There are 2 protein chains.
Amino acid sequence: MVAINTINLKITRDSDIMINKKISIKDIAKLTNTSITTVSFVLNGKGRISKEITKKILDVAAKNGYEPNRMAVGLRTGVSKVIGLVVETIGGPFFGAMAKVIEEEAEKEGYRIIYCSTNNNIQKGKDVIRMLSQQLVDGYIVTPMKGLEKDIQNLVANEKPVVLIDGYFPGLDIPHVLVDNHGSAFNAVDHLLKAGYKKIGLITADLDLIQLQDRTRGYKDALKINDIKEDKRLIFKLPFDTDKDKAINAIKAFIKQQKQMDAVFFTTNYLGTMGLESIRQLELNIPKDLAMISFDDNEIFNLYPPGITTIQQPTYEIAKSAIDLLLSQMSVDRHDISKIKLQIPSKLIERGSTTEKNRF
Amino acid sequence: MVAINTINLKITRDSDIMINKKISIKDIAKLTNTSITTVSFVLNGKGRISKEITKKILDVAAKNGYEPNRMAVGLRTGVSKVIGLVVETIGGPFFGAMAKVIEEEAEKEGYRIIYCSTNNNIQKGKDVIRMLSQQLVDGYIVTPMKGLEKDIQNLVANEKPVVLIDGYFPGLDIPHVLVDNHGSAFNAVDHLLKAGYKKIGLITADLDLIQLQDRTRGYKDALKINDIKEDKRLIFKLPFDTDKDKAINAIKAFIKQQKQMDAVFFTTNYLGTMGLESIRQLELNIPKDLAMISFDDNEIFNLYPPGITTIQQPTYEIAKSAIDLLLSQMSVDRHDISKIKLQIPSKLIERGSTTEKNRF
DNA sequence: TAAAAATGATAAAACGTTTTATCAAAAAAA
DNA sequence: TTTTTTTGATAAAACGTTTTATCATTTTTA
C-alpha cells in the first residue's frame with residue numbers, strides 16, 4: 001500500500017527540456033526507501049551510512065538533479081552563503097573592476113554576491129544595510145561613508161563579518177583595505193613640483209569622505225614640505241550633485257579664473273575626465289598651459305594625448321585583499337581580523353601631462 | 001508562572017550600538033501577550049485584529065527593530081524577492097550602467113539583485129543558472145549566449161520569469177530587449193559610405209554571439225545595398241581570449257596589411273578602444289588615413305580627438321525595459337510577456353572620425 | 001558466553017514564517 | 001428569546017532542511 005505521490009516526474013518534452021517540479025530530500029528518501037535523515041547525512045557526508053545506501057541515494061539525487069533549497073538551509077543553519085557588497089555605485093570603472101574580482105573570489109568559496117549601491121546617500125546606505133541584515137547575508141563589504149558608523153558598528157557588535165573598502169572610519173577598529181590616499185596624493189603633487197610646476201591647483205568633490213580628505217591633506221603636505229604657501233584660491237570643491245555639463249562649466253570657470261595656475265590635481269577619476277573635457281573645451285595645451293594628474297587610472301588617461309599622469313589604484317589587490325579578509329573571518333576558524341587595516345600602495349603612472357616644465 | 005525567556009534585550013552600550021539578538025515574531029507575541037498568528041496578521045495587514053492590539057504589536061515591533069527573517073519568509077512563501085542578474089562581466093561601462101539602472105528600479109519594488117558574471121563561458125553560465133535556481137531568486141535577467149538555450153528554457157518551463165538582455169535566442173519565444181543590432185550596424189556603415197569611404201573594414205570578436213552576427217550582417221547588407229563587393233580580407237575576427245597587448249598588435253597588423261582600407265567599423269566597445277590604441281600607435285590620422293566607427297558610446301570616444309563616431313546603445317532604456325518587463329511578469333497579475341521582443345533604437349553619434357572624405 | 005562497544009539507521013525537534021481552519025464571544029437578525 | 005452572523009483571536013500545519021538523541025543490530029572485548 002504505497003501512497004501514490006507523484007513527485008518530480010522528469011518529463012522529457014521537446015529534446016530535453018524538463019519540468020523539474022523541484023525534488024526535495026523527502027522525495028529522495030521516499031524513492032530510496034530510506035529516511036530524511038539518512039539522505040541528509042549522505043548528501044552532507046556527515047553520519048555513517050553504508051556504502052550501498054550511500055550510492056543509491058547519490059544516484060537518485062544526481063539523476064533527479066536535486067538541489068538543496070537554500071532558503072531551508074539558510075533558515076536551519078543561519079548561513080546564507082551570500083555576501084553583501086555595498087558600494088557607492090556599481091557603474092564606473094573602479095567599483096566595477098572590484099566587483100568583478102570580489103565575485104570571482106567569493107564564488108570559489110561557494111558564496112554569491114548581492115550588491116547594492118548607495119549613490120553616496122546616507123539614508124540609502126542605512127536602508128541597504130538594514131535590508132541585508134535580515135538574515136540575508138553572512139558578511140559585508142562596504143564602502144563607508146560618514147553617517148554610517150553606527151550601522152556598521154551594529155553589524156560588528158552582532159558578530160557579522162565586515163570589511164570596509166576604499167575608505168574607513170577614523171578612530172574605529174573596523175578592518176578595512178584601501179590605497180594610501182595621503183601618500184599617493186603627496187607623491188603626485190611632489191612629482192608635479194619636482195617637474196617644475198609651482199602653482200598647483202586642487203579639484204576635489206564636496207563630499208564628506210575620508211578618502212578625499214586624506215588626498216587633500218596629501219596635497220597640502222606636499223606643498224608644505226616644499227615650502228610652498230598654500231593658496232586657498234587654488235582649491236576648488238565641486239558640489240556633489242552637480243550634473244555633468246554644469247560641472248564642466250564650473251571647472252572651466254575655475255581654471256580660467258586662476259591664470260597663474262600651471263598644474264592641477266584631480267582627486268577622483270570622474271573629476272579627472274570632466275577636467276579633461278574642460279581643458280579641451282578651453283583649448284589649453286597639456287602640459288604647456290596646464291599640467292595635470294588625476295587619481296584613478298583609466299583607459300582615457302592612457303589614450304588621450306599626450307597621456308595623463310595618474311595615480312593608479314590597484315583595484316585587483318584591493319578587492320582581493322578585501323574578499324580574502326572577509327572570507328577568512330567567515331571561515332570555521334573565524335580569524336579575528338578586527339584590527340587589520342591594509343594600506344595598499346598605489347602606483348604613479350607618469351605620462352605626458354606632467355612632462356618636466358623646462359622640456360618644452 | 002511566566003517562563004523567563006531572555007529575549008532581545010536591547011542593550012545600550014556606548015552611545016547607541018545595540019546587540020540585536022534578532023527578535024522574532026514569536027518574541028513579539030510573547031511580549032504583547034498575543035499569538036504568533038496575530039502578530040503575523042498585524043505585520044502583514046491580513047486578518048482582522050483590533051485597533052488596540054494592532055497598535056501594541058506595531059509599537060513593540062518598531063521599538064525592537066523587528067525585521068522578518070527573509071529565509072523563513074522565503075521558505076514558507078517560495079518567494080525570495082531577489083532577482084538574478086547574469087551578465088557577461090559586470091566590469092565595463094555597458095553592463096555596469098545597466099546594472100545600476102536595474103538595481104535602482106528593482107529596489108523600488110522591494111527586490112534585491114544578486115549578480116553573477118559568466119565571462120562568456122558556457123559552463124560558468126550553466127553553473128550560475130543552476131545555483132540561482134535553488135529557490136534563491138524569483139526571476140532572471142540574463143545576457144544569453146549560445147549553449148544556454150536549454151538551461152533558459154528550463155527556467156521558463158518551470159515558470160520562472162526570464163528576460164534576456166543584449167541578445168536573444170533565434171527561434172525561441174523568450175522575451176528579450178536589445179538594440180537593433182542589424183539596423184544600427186547597417187546605418188553606421190551606410191554613414192561611412194555616404195561620407196565617401198569606400199574600403200570599409202570590419203573588426204569583430206570571434207565569439208558565437210548573435211549580437212555580433214547581426215552587426216556583421218548589417219555591415220554586409222550596407223555594402224550590398226550600396227553595390228560594393230564584400231572583401232573577405234577586410235574582415236578581421238579577433239580571437240576571444242586574446243590579452244590586451246596581443247590584441248592591439250593583432251589589430252595593428254591587420255590595419256597595416258590592408259593598405260587600401262580607408263575606414264573601419266568596430267563591433268564592440270572594447271574592440272573600439274583597443275582599435276583606437278592601435279591606430280594611435282601606428283600614428284595614423286583619424287579620419288584622414290583611417291576613418292572609424294565603434295559600437296557602444298563611451299567617454300573616450302567623446303574626448304579623443306577628433307572624436308570618434310559611435311553607435312550609442314541607450315543603456316538606460318534597455319535596462320529599464322528589461323527590469324520593467326521582468327517585474328510585470330512577476331507581479332500578481334503575472335502578465336504574459338513571453339512573446340515580447342523589444343528592439344530599442346540606437347543613436348548614431350557623429351563625430352570627427354567620420355568627417356566627409358572630401359572635406360580634407 | 002555475557003557485557004561492552006561500534007555500526008547503521010531513524011524519529012523528532014527546530015529554524016521563523018504564513019495561512020487554513022477553528023472557535024469563542026459579541027452583535028445582529030429572527 | 002433563540003438563531004444567525006460578524007468579529008477577533010488563535011492552534012496547528014507546513015515550507016525543506018540539519019542535527020540531536022535514540023535505538024536496534026552487529027561486532028568486539030572481557
Side-chain angles (χ1 to χ4, degrees), chain A residues 5 7-8 20-58 60-61 64-82 110 133-136 138 332, chain B residues 5 7-8 20-58 60-61 64-82 110 133-136 138 332:
Chain A
N5 202 334
I7 6 161
N8 178 46
N20 262 321
K21 263 261 134 281
K22 277 289 169 212
I23 191 176
S24 80
I25 218 179
K26 196 168 160 189
D27 301 324
I28 297 183
K30 214 166 283 177
L31 289 170
T32 54
N33 284 318
T34 58
S35 75
I36 293 182
T37 310
T38 307
V39 176
S40 176
F41 278 167
V42 167
L43 260 23
N44 295 303
K46 293 245 163 122
R48 343 168 243 225
I49 309 292
S50 67
K51 276 257 165 58
E52 312 99 275
I53 294 200
T54 297
K55 185 177 171 349
K56 189 161 55 168
I57 289 177
L58 253 25
V60 171
N64 293 72
Y66 168 75
E67 294 283 350
N69 180 320
R70 301 297 322 175
M71 293 294 173
V73 176
L75 176 58
R76 173 61 227 227
T77 63
V79 171
S80 65
K81 283 287 184 178
V82 176
S133 68
Q134 303 172 356
Q135 322 279 12
L136 203 42
D138 296 341
V332 273
Chain B
N5 202 336
I7 4 161
N8 177 45
N20 262 323
K21 263 265 134 278
K22 277 292 167 209
I23 191 175
S24 80
I25 217 178
K26 197 169 160 187
D27 301 324
I28 297 183
K30 214 166 283 174
L31 288 171
T32 54
N33 285 317
T34 59
S35 74
I36 292 182
T37 310
T38 306
V39 176
S40 176
F41 278 166
V42 167
L43 260 24
N44 296 302
K46 293 244 164 126
R48 346 169 241 222
I49 308 292
S50 67
K51 277 256 164 63
E52 312 98 277
I53 295 201
T54 298
K55 184 175 173 348
K56 188 161 58 166
I57 289 178
L58 253 23
V60 172
N64 294 71
Y66 168 76
E67 294 284 349
N69 180 319
R70 302 297 322 177
M71 293 293 173
V73 176
L75 176 59
R76 174 61 226 226
T77 63
V79 170
S80 65
K81 283 285 184 179
V82 176
S133 67
Q134 303 170 358
Q135 321 279 11
L136 201 42
D138 296 342
V332 272

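The model shown is predicted, which means the values in this text are computed figures rather than measured ones. Naming convention: chains lettered A, B, ... in sequence-line order (proteins, then strands); numbering from 1 in each chain.
Two residues are said to be in side-chain contact when any heavy atoms from C-beta on lie closer than 4.5 Å; Asp138(A) and Val82(A) fail this criterion. The shortest side-chain heavy-atom distance between Leu136(A) and Ser80(A) does not fall under the 4.5 Å cut-off. Pro68(B) is not listed as a side-chain neighbour of Gln135(A), based on a closest heavy-atom distance of 4.5 Å or more.
Atom OG of residue Ser50(A) and atom NZ of residue Lys56(A) lie 8.5 Å apart, to the nearest 0.5 angstrom. Taking CD1 of Ile25(A) as the start and CG of Asn69(A) as the end, the distance is 10.5 Å to the nearest 0.5 Å. To the nearest 0.5 angstrom, Leu31(B) atom CG is 6.0 Å from Asn64(B) atom CG. Here Lys22(A) contributes atom NZ and Gln134(B) contributes atom CD; the two are 7.0 Å apart, rounded to the nearest 0.5 Å.
Considering every non-hydrogen atom in both Thr32(A) and Ile28(A), the closest pair reads OG1-O, 2.7 Å. The minimum heavy-atom distance linking Tyr66(A) with Ile23(A) is given by the pair CD1-O, 3.3 Å.
Nucleic acid contact for Ile36(B): base, since at least one base atom lies under 4.0 Å from a heavy atom of the residue. Residue Ser24(A) is in sugar-phosphate contact alone, with no base atom involved, counting any heavy-atom pair closer than 4.0 Å across all strands shown. Base contact: Thr37(B) has a heavy atom under 4.0 Å from a base atom. When heavy atoms are screened at a 4.0 angstrom cut-off, Ser40(B) is found touching base atoms of the nucleic acid.
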Indicate every side-chain donor-acceptor pair of residues 37-47 of chain B with a distance under 3.5 Å to a residue at least two apart or in another chain.
unit_1	atom_1	unit_2	atom_2	d
Thr38(B)	OG1	Ser35(B)	OG	2.9
Ser40(B)	OG	Asn44(B)	ND2	3.3
Asn44(B)	ND2	Ser40(B)	O	2.9

Contacts under 3.5 angstrom, residues 70-78 of chain B side chains, donor-acceptor by atom type, not counting sequence neighbours:
unit_1	atom_1	unit_2	atom_2	d
Thr77(B)	OG1	Val73(B)	O	2.6
Thr77(B)	OG1	Val79(B)	N	3.2

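Listed in residue order, the members of residues 41-49 of chain B having a heavy atom less than 4.0 Å from DNA chain C are Phe41(B), Asn44(B), Lys46(B). Using a 4.0 Å cut-off on heavy atoms, the residues of residues 66-77 of chain A that approach DNA chain C are Leu75(A), Arg76(A), listed by number.
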Could I get a table of every N or O pair under 3.5 Å where one atom is in the protein and the other is in nucleotides 22-24 of chain D?
none

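A 6.0 Å sphere centred on NZ of Lys26(B) holds no more than 12 heavy atoms belonging to other residues, nucleotides or ligands.
Within the 3.5 Å criterion, the main-chain N or O of Ser24(A) finds a donor-acceptor partner in the side chain of Asp27(A).
Note that the first and last nucleotides of DNA chain C, 5' to 3', having any atom under 4.0 angstrom from a heavy atom of chain B are dG16(C) to dT20(C).
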